[in-house]
Amino acid sequence: MTGDEIRFDCRQRGDDGVLVILPRIDVAPLTELIDGFQSAAGMQPAGNAYGGLIA
């Protein structure tokens with residue numbers, strides 16, 4: 001993977017409205033990249049364990 005662009009999306013978390021910052025590498029959310037890596041490596045926890053950074 002070669003990342004050319006890092007972006008940060010801000011959004012409110014659905015359950016309580018807390019502001020969450022979600023890093024992106026190119027167009028992929030960092031949370032998805034982490035989940036994919038952990039799942040492929042057989043690591044635990046894997047899949048939907050991360051939800052971004054709370055501001």
Side-chain angles (χ1 to χ4, degrees):
M1 178 182 84
T2 59
D4 295 325
E5 181 178 66
I6 298 174
R7 298 181 65 189
F8 296 92
D9 294 338
C10 294
R11 59 180 162 185
Q12 288 187 330
R13 193 166 62 184
D15 55 348
D16 56 11
V18 171
L19 182 64
V20 175
I21 299 169
L22 181 62
R24 290 184 173 271
I25 308 297
D26 292 331
V27 297
L30 183 58
T31 52
E32 288 180 15
L33 296 173
I34 292 169
D35 287 346
F37 174 82
Q38 288 186 337
S39 293
M43 298 171 72
Q44 295 294 327
N48 294 321
Y50 303 100
L53 306 168
I54 295 177

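Values reported hereafter were calculated over all heavy atoms of this structure, with side chains retained and with hydrogens, waters and symmetry mates removed.
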Kindly give the cluster partners of L22, where membership spreads through any ILVMFWY side chain lying under 4.5 Å from a current member. none

Under 3.5 Å, side chain of D26 to main-chain N/O of D4, donor-acceptor pair present? yes

Could you state the interatomic distance from CG (L30) to CZ (R7), rounded to the nearest 0.5 Å? 14.5 Å

Not counting sequence neighbours, which residues clear side chain to side chain donor-acceptor pair (under 3.5 Å) with R13? List them please. D15, D16

Co-membership, hydrophobic cluster, residues V27 and I25, 4.5 Å side-chain: no

Side chain to side chain contact (heavy atoms under 4.5 Å, CB included) partners for I21, two or more places apart: F8, C10, L53, A55

